[in-house]
Amino acid sequence: MTSTCLYDALLLVSFGGPEKPEDVVPFLENVVRGRPVPRERLLEVAEHYYHFGGRSPINDHCRELMTAMERELAARGRTLPVFWGNRNWHPFLTDTVRAMADRGVRRALAVVTSAFGSYSGCRRYLEDLEEARGEAGPDAPQIDRLRLFFNHPSFIAAWIDRIAEARRSLPGDRPLLVFTAHSIPIAMARSGPYVEQLREACRMIAEESGFPRWELVYQSRSGPPHVPWLEPDVLEFLDDLAKDSPVPPVVLAPVGFLSDHIEVLYDLDVEAMTLARQLQIPLVRAKTVLDHPTFVRGLCDMIEERLSGEAERCSVGRLPPCPDVCPADCCTAR
């Protein structure tokens, strides 16, 4: 292993989530700030969080990922400090970058909990990082972002394992594999590689998992009804599937999400599961991969690519590895 190290810290960057009931509405107000989301819609989504006690598990997932990365990197002889900052809730990214500056961090590598390229999942986080650096002042560290990893072999392998685990609990020998991802406005999707990357990841996972038939559907849309978003919605898809004869059992794989947070727990485990029972569709949901050891090891492989300045970037499939620096015109807001 080379002794060269181009960074003196890592920064885990995530969406954030409430940790107690009184956090829920202020958190959601941060999420929708600057967007024309009706108040009644915000309060409707708040009920999803209250259904689980007003606490999102996403922050705990980030803490666990920090620990796992530190442990894996230490086993490889890397002892960099790992910081953590969120877009929408404590610890806020601006506060974390200030703390990094106070600790004397000069150059950090950001690991963002998003595998696919879109404005909300990629460029917005780059803007958040620049805003945080500006707030931190002239001593703020330079912060580079780890590349998107939708086609890294560890991401694909971890999903294959999760789907195999879920499949074992389903009756029948010909289940349908249904991938889900967060819906976004169609105009936003056209400005970036979101759908292409999703479909490529789904294709590889389905083929390696032995599913001749698979579908990609969307969930969790939050925009005004007159704005077209990616479809079909997972609930509409299940309604249509129930018209098939015979109706296949379904393995639901939320490939667009890294952890089992509220949008997975409520939109799939509550809403989709309830509808499937009503429609008499056998359905099981695969766990996400954030805590899968294979994924964590692969994430650390990508970190080591950057820590050591290695030129080779590992990927699988038909699309090339994502660049370390996104093109200036990639993943615009609309």
Side-chain angles (χ1 to χ4, degrees), residues 13-62 84-96 112-114 116 118-125 127-128 131-132 135 180-189 191 194 217-237 254 256-275 285 288 331-334:
V13 182
S14 195
F15 192 80
E19 303 208 69
K20 53 186 183 298
E22 51 267 40
D23 292 346
V24 171
V25 170
F27 158 74
L28 291 174
E29 289 171 341
N30 287 337
V31 173
V32 304
R33 182 171 290 120
R35 295 164 51 198
V37 176
R39 185 72 176 178
E40 56 269 25
R41 173 57 181 164
L42 184 148
L43 296 178
E44 177 186 337
V45 174
E47 292 300 322
H48 300 178
Y49 288 84
Y50 297 140
H51 181 86
F52 294 96
R55 179 183 179 89
S56 169
I58 193 170
N59 283 351
D60 288 335
H61 296 160
C62 286
W84 164 41
N86 291 323
R87 173 187 292 169
N88 296 301
W89 202 245
H90 305 282
F92 286 110
L93 196 53
T94 296
D95 296 333
T96 300
V112 179
T113 56
S114 178
F116 300 93
S118 68
Y119 174 73
S120 56
C122 182
R123 181 163 294 278
R124 172 72 186 278
Y125 281 112
E127 294 172 354
D128 293 337
E131 182 179 342
E135 292 287 334
T180 74
H182 204 300
S183 186
I184 61 175
I186 289 177
M188 184 187 294
S191 75
Y194 186 63
V217 303
Y218 298 93
Q219 62 172 91
S220 310
R221 72 160 287 166
S222 59
H226 66 277
V227 176
W229 283 49
L230 292 174
E231 296 179 334
D233 177 79
V234 60
L235 300 183
E236 295 172 355
F237 176 83
F257 303 86
L258 278 186
S259 79
D260 289 7
H261 53 66
I262 294 298
E263 287 177 315
V264 173
L265 297 176
Y266 191 87
D267 296 6
L268 299 184
D269 293 357
V270 176
E271 290 188 329
M273 199 69 70
T274 298
L275 178 61
R285 197 261 298 170
T288 49
C331 299
T332 57
R334 52 179 62 86

Would you call [X] and [Y] a side-chain contact if the rule is heavy atoms closer than 4.5 Å?
X: Leu258; Y: Thr288; answer: no
X: Val270; Y: Phe52; answer: yes
X: Leu230; Y: Ile186; answer: yes
X: Asp260; Y: Pro57; answer: no
X: Asp267; Y: Val234; answer: no
X: Val13; Y: Thr96; answer: no
X: His182; Y: Tyr194; answer: yes
X: Arg87; Y: Arg124; answer: yes

Going from [atom1] on [X] to [atom2] on [Y], what distance comes out if it is rounded to the nearest 0.5 angstrom?
X: Glu263; Y: Tyr49; atom1: CD; atom2: OH; answer: 6.0 Å
X: His48; Y: Glu271; atom1: NE2; atom2: CD; answer: 5.0 Å
X: Ile262; Y: Phe15; atom1: CD1; atom2: CZ; answer: 12.0 Å
X: Arg285; Y: Leu265; atom1: CZ; atom2: CG; answer: 6.0 Å
X: Leu268; Y: Leu235; atom1: CG; atom2: CG; answer: 8.5 Å
X: Trp229; Y: Ser222; atom1: CH2; atom2: OG; answer: 3.5 Å

- Item | Salt bridge present between Arg221 and Asp233 (N-O < 4.0 angstrom) | no

- Note on the structure: Nearest heavy-atom contact between Trp84 and Ser14 is NE1-CB, 4.4 Å

